[in-house]
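Atoms within a ligand are numbered from 1 in the order they appear, just like the ligands themselves.
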Amino acid sequence: MPKPEIRTFKNLEGLSRGAAEEFVALAQQRLAGGTSFSAALSGGSTPKRFYELLATKEFSSQVSWPLVDLFQVDERCVPPDDARSNYRMIREAMLDAVPEARFHRMAAEQSDRDAAARDYARSLCETLGTRAGNWPQLDVIYLGMGGDGHTASLFPGTAVLNERTLSVAPNYVAKLDMWRLTLTLPVLNAASQIVFLVAGAEKAEMVSRVLAGGSPEASQYPAQLVRPEHGSVTWYVDEAAAQRL
Ligand code: 6PG
């Protein structure tokens, strides 16, 4: 995999606008040559402004939303209207204004988390037309990163980091005392493009450590394990998060 590209922006607004511009360009490029565009969206707080901008007329009018399949990278195991729900954040920031997008929600509130993971994996593979034995290949996956180096719901020291069979898996995060559903590393590493969106001074140390590289096999920083075999990785960071680079 080639070295990650790093795009630095003055602040979160600039980073979010840059990400929205690139999303539109990617969607137009993909739809110029095909009939679908697939993206997986993370939760948390960083991407909210990016999603809000995508929903504005300035950007939304440039995307053929009925041909766009949007998936979730991960979800907290809470009801979809819970304040902690990633779906709720994405819905309020974007989907309410762009109802024509084909959004595939992770039903992480289901009591049978294994069944919910299987159902979502099936939906992902069916939508993308994944051939048996292959990993579902998304056009682009938008990831965040926690101060501990986690990404998606792949937290340091958790079992799901070693998952090499399932595309979607439940993961109990002891430090949050919370269950999550998450795309697994093989799916992240099958993507055509990975875009990390990271902002804030509190992330600067970890951004520096993760981008310094090192032996990913021994990595205690899951974000460092995101190394698409045939895809690219681009980091969108603000100046505060880039200050240790
Ligand atoms: C989640 C996210 C998670 C997030 C990081 C960064 O469910 O919380 O998917 O991986 O991207 O925790 O979160 P912030 O953007 O809020 O810093």
Side-chain angles (χ1 to χ4, degrees), residues 9 11-16 18-20 39-53 70-94 103-109 113 116-117 120 138 140-158 160-161 163 168-185 187-189 191 194-207 209-211 219-226 233-238 240-242:
F9 299 85
N11 50 35
L12 179 60
E13 182 69 18
L15 180 157
S16 305
L41 306 178
S42 279
S45 56
T46 304
K48 186 167 186 281
R49 184 59 183 142
F50 163 41
Y51 302 152
E52 289 171 346
L53 285 170
L70 299 175
F71 296 90
Q72 289 189 255
V73 169
D74 63 339
E75 183 56 280
R76 292 83 178 274
C77 293
V78 296
D81 57 355
D82 187 293
R84 297 163 294 175
S85 164
N86 287 334
Y87 164 70
R88 174 174 165 179
M89 183 276 283
I90 297 168
R91 178 179 60 74
E92 291 175 345
M94 179 166 70
F103 187 82
H104 305 260
R105 186 178 74 84
M106 259 185 193
E109 73 279 10
R113 288 183 284 267
Y120 200 75
L138 286 145
V140 60
I141 300 178
Y142 292 93
L143 295 174
M145 185 189 73
D148 61 358
H150 84 262
T151 189
S153 284
L154 308 174
F155 284 78
T158 59
V160 76
L161 286 174
E163 179 57 58
V168 183
N171 189 31
Y172 177 70
V173 185
K175 77 177 201 178
L176 302 174
D177 188 23
M178 178 181 271
W179 278 93
R180 303 272 189 102
L181 286 192
T182 185
L183 298 184
T184 56
L185 266 176
V187 176
L188 301 188
N189 287 334
I194 292 282
V195 176
F196 279 98
L197 305 174
V198 184
E202 72 280 5
K203 304 283 178 75
E205 175 58 29
M206 189 51 71
V207 166
R209 288 188 194 180
V210 167
L211 285 174
S219 168
Q220 65 202 56
Y221 310 134
Q224 216 172 41
L225 297 174
V226 179
V233 178
T234 306
W235 288 71
Y236 282 59
V237 292
D238 67 357

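Nearest to atom 15 (O) of ligand 1 among the protein's heavy atoms is T46 OG1, 2.6 Å. Closest to atom 8 (O) of ligand 1, if we only count protein heavy atoms, is R76 NH2, 2.8 Å. The shortest contact between atom 11 (O) of ligand 1 and any protein heavy atom is with G144 CA, 3.4 Å.
No N or O atom of S153 sits closer than 3.5 Å to an N or O atom of ligand 1. Close N/O approach between S45 and ligand 1 is found [any backbone or side-chain N/O within under 3.5 Å].
Within the structure, the closest approach of K203 to ligand 1 falls below 4.0 Å when heavy atoms are considered.
Residue H150 touches ligand 1 through its side chain alone, judged by heavy-atom distances below 4.0 Å. In D74, the part holding a heavy atom less than 4.0 Å from any atom of ligand 1 is the side chain. When heavy-atom distances to ligand 1 are checked against a 4.0 Å cut-off, N86 comes that close only through its side chain, counted from C-beta outward.
Judged by distance alone, the side chain of Y87 and the main-chain N or O of A107 form no donor-acceptor pair under 3.5 Å.
Between W179 and Y172, the ring planes lie tilted relative to each other; the angle falls in the 30° to 60° range.
Among P222, A152, G44, the residue whose heavy atom lies closest to atom 3 (C) of ligand 1 is A152.
There is no side-chain donor-acceptor pair under 3.5 Å between R49 and S16.
For the side chain to side chain contact (heavy atoms under 4.5 Å, CB included) test with F196, the passing option among V226, V207, T46, V237 is V226; the others fail. Results of the side chain to side chain contact (heavy atoms under 4.5 Å, CB included) test with D74 over T182, N171, L41, V168 single out T182 as the only residue that passes.
For L15 against L197, the heavy-atom pair with the smallest separation is CD2-CD2, 4.0 Å.
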Candidate pair S85 and R76, rule side chain to side chain contact (heavy atoms under 4.5 Å, CB included), full reasoning
CA-CA 6 Å; S85 164; R76 292 83 178 274; over 6 Å; no
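Taking every non-hydrogen atom of M145 and a distance limit under 4.0 Å, the qualifying atoms of ligand 1 come out as 6 (C).
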